[in-house]
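See below for the structure under consideration.
So that the names make sense, note that chain A is the first sequence line, chain B the second, and so on, each numbered from 1. A quick note: this is a predicted structure, and the numbers were derived from the prediction, not measured.
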Protein chains: 2
Amino acid sequence: MRILVARCTVEYAGRLTARLPEANRVIMVKADGAVLVHADGGSYKPLNWMSAPCSLLASHDESGVIVWTVSNKAAETLEIRILEVLADVEHDLGPDPGLVKDGVEAHLQELLALHVHTLGAGWSLIRREHPTPIGPVDLLCRDANGTTVAVEVKRRGEIDGVEQLTRYLDLLNRDALLAPVRGVFAAQQIRPQARTLAEDRGIRCVVLDYEALRGADDPSWRLF
Amino acid sequence: MRILVARCTVEYAGRLTARLPEANRVIMVKADGAVLVHADGGSYKPLNWMSAPCSLLASHDESGVIVWTVSNKAAETLEIRILEVLADVEHDLGPDPGLVKDGVEAHLQELLALHVHTLGAGWSLIRREHPTPIGPVDLLCRDANGTTVAVEVKRRGEIDGVEQLTRYLDLLNRDALLAPVRGVFAAQQIRPQARTLAEDRGIRCVVLDYEALRGADDPSWRLF
DNA sequence: CCGTAAATGTCGTCG
DNA sequence: CGACGACGTTTACGG
């Protein structure tokens with residue numbers, strides 16, 4: 001990893017064309033070749049960048065200014081003109097063991113599969129990731145009346161998720177063995193517009209409590 | 001902007017829980033308070049981060065290890081334990097003039113609005129960004145027969161875009177003054193699944209040529 | 001390698 | 001401030 005602090009201009013040409021006027025910025029060159037140009041503000045997204053794999057060619061223009069030309073297989077280019085170097089450090093960090101995550105959608109789906117009764121008394125799970133030609137349905141259940149229910153699980157429920165569930169329902173309802181299939185849209189948070197769309201289509205919305213679902217797994221809960 | 005190269009562990013607790021085992025990494029602290037933890041590989045996304053606004057509290061644990069606790073209004077926390085500092089540089093970069101872009105969807109829509117005839121002879125533009133209760137239709141046109149056409153413009157045409165256009169069409173067709181309204185899905189690239197879904201719904205797909213549209217603006221073209 | 005869905009998405013814009 | 005759509009989305013996961 002090489003880190004430059006430098007006064008520079010940057011031009012990107014590829015999927016779009018973008019230009020950065022002269023200013024002080026941080027330029028990171030990672031061991032895999034990736035190049036990031038960061039300003040002293042903004043979130044984690046660089047102002048401009050090039051992802052690995054790519055190659056860096058260092059040269060000079062006619063007036064002696066350092067020019068780094070970074071390019072990749074797709075002929076995208078990032079041209080950095082380095083006008084003044086304020087700092088330049090290099091370190092070999094070695095490989096990273098990587099991030100361990102918890103609490104994402106897969107986990108939420110797993111917990112809900114274990115506790116489908118939170119969707120209604122007498123409900124049972126038919127299967128998780130029920131395959132269809134257009135993708136897997138998160139949970140396929142049977143309610144107390146024996147009616148099939150397709151459940152779409154999201155961390156945040158938005159319109160896209162309702163559309164996704166709608167496509168599944170359209171398809172599942174063509175299967176005479178399953179039809180009629182009802183829908184449940186289950187999420188930790190459901191946006192008003194998504195709720196409106198869902199309910200307008202006869203899809204029930206359920207707000208999930210991740211802590212409670214996880215707590216239901218915790219043996220200490222069973223003492224009460 | 002302060003940049004540390006350090007052996008560290010990181011823990012994030014907030015929208016999810018995530019942990020980084022001990023390794024050498026780069027820690028950037030931006031002037032606005034944002035903190036990024038980068039490995040020596042991977043694209044521009046940090047392994048872990050906290051966006052501004054947030055506050056950083058530096059302290060030590062019982063064994064003298066430096067602990068940075070970064071937290072924000074939403075009670076998300078990022079805890080960085082710094083076991084060894086390999087480098088530590090700080091620079092005030094000043095404000096950034098920002099990025100100038102070209103070639104994004106807004107530009108594509110603008111160009112197509114100027115040249116609706118590329119969609120068909122005798123077509124005319126009724127208006128851009130035609131408002132509806134569920135959002136603006138990119139282009140509302142009239143074809144050679146006088147039929148109203150809603151055009152959705154995308155850089156890359158995927159299923160989401162077809163769903164979006166479908167919602168607009170459903171709504172526009174309830175307006176007796178406009179109905180019947182047909183749909184055109186226009187994009188630089190259209191994914192097969194999106195094309196299939198669109199055509200199944202009677203929506204015409206048009207692949208846009210950005211260079212040609214831009215060239216049509218170029219006076220030099222008019223010489224031929 | 002293509003295609004789809006998820007993301008601590010982030011970022012602008014508009015109400 | 002919330003809702004919504006675009007993004008050089010990136011990234012992970014299956015066929």
Stems formed with participation of DNA chain D [Watson-Crick or G-U wobble, under 3.5 Å, three or more pairs]
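DNA chain D stems, ordered by first number: C:1-7 with D:9-15, C:9-15 with D:1-7.
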[X] has an atom [atom1]; how far is it from atom [atom2] of [N], in whole Å?
X        : N      : atom1 : atom2 : result
A/Arg156 : C/dA5  : CZ    : P     : 19 Å
B/Glu163 : C/dA5  : CD    : P     : 10 Å
B/Glu129 : C/dG12 : CD    : C1'   : 13 Å
B/Ile190 : C/dC2  : CD1   : P     : 18 Å
A/Arg195 : D/dG2  : CZ    : C1'   : 16 Å
B/Arg128 : C/dT13 : CZ    : P     : 14 Å
A/His107 : D/dC13 : NE2   : P     : 15 Å

Would [X] and [Y] count as having a side-chain donor-acceptor pair, cut-off 3.5 Å?
X        : Y        : result
A/Gln188 : A/Lys154 : no
A/Lys45  : A/His38  : no
A/Gln109 : A/Glu129 : yes
A/His107 : A/Asp102 : yes
B/Thr148 : B/Arg182 : no
B/Tyr168 : B/Glu152 : no

D/dG8 and C/dA6, which share atom name P, separated by this distance in whole Å
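Approximately 22 Å lies between the P atom of C/dA6 and that of D/dG8.
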P spacing across the pair C/dC11 / D/dT11, given as an integer number of angstrom
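About 15 Å, rounded to a whole number of Å.
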Tell me what [X] touches on the nucleic acid: a base, only sugar-phosphate, or nothing, going by heavy atoms under 4.0 Å.
X        : result
A/Tyr12  : base
A/Asp160 : nothing
B/Gln164 : sugar-phosphate
A/Gln109 : nothing

Which one, [options], comes nearest to the side chain of [X]?
X        : options               : answer
A/Lys45  : C/dA6, D/dT11, C/dC11 : C/dC11
B/Trp49  : C/dT10, C/dT4, D/dG8  : C/dT10
A/Leu78  : D/dG8, C/dT8, C/dA5   : D/dG8
B/Arg191 : C/dC11, C/dT4, D/dG8  : C/dT4
B/Tyr44  : D/dG8, D/dT10, C/dA5  : D/dT10
B/Ser51  : C/dT10, D/dG8, C/dA5  : C/dT10
A/Glu152 : D/dG8, C/dA6, D/dG5   : C/dA6
B/Leu16  : C/dA6, C/dT8, C/dT10  : C/dT8

Nearest-0.5 Å distance that lies between atom CD1 in B/Ile27 and atom CG in B/Leu4:
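Those atoms lie 5.0 Å apart.
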Whether A/Arg19 and A/Glu79 form a salt bridge (side-chain N of Lys/Arg under 4.0 Å from carboxylate O of Asp/Glu) is what I want to check.
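Between A/Arg19 and A/Glu79 there is no salt bridge, as every charged N stays at least 4.0 Å from the carboxylate O atoms.
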For DNA chain D, whose closest nucleotide is more 5', that of B/Gly42 or that of B/Leu99?
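First, find each residue's nearest nucleotide; the 5'-ward one identifies B/Leu99.
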Nearest nucleotide by nearest heavy atom, which residue falls closer to the 5' end of DNA chain D, B/Glu158 or A/Ile159?
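Final value for this comparison: A/Ile159.
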Just N and O in the side chain of A/Arg15: are any of them under 4.0 Å from OP1 or OP2 of D/dA6?
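No, no such contact exists.
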Given the rule in the salt bridge (Lys or Arg N to Asp or Glu O under 4.0 Å) test, do A/Glu163 and A/Arg201 qualify, once you have shown the distances and angles that lead to the verdict?
CA-CA 10 Å; A/Glu163 297 288 12; A/Arg201 293 180 178 173; 3.0 Å; yes
Using heavy atoms to find the nearest nucleotide of DNA chain C for A/Tyr168 and B/Ala18 separately, return the residue whose nucleotide is more 5′.
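Going by which nucleotide is closer to the 5' end, it is A/Tyr168.
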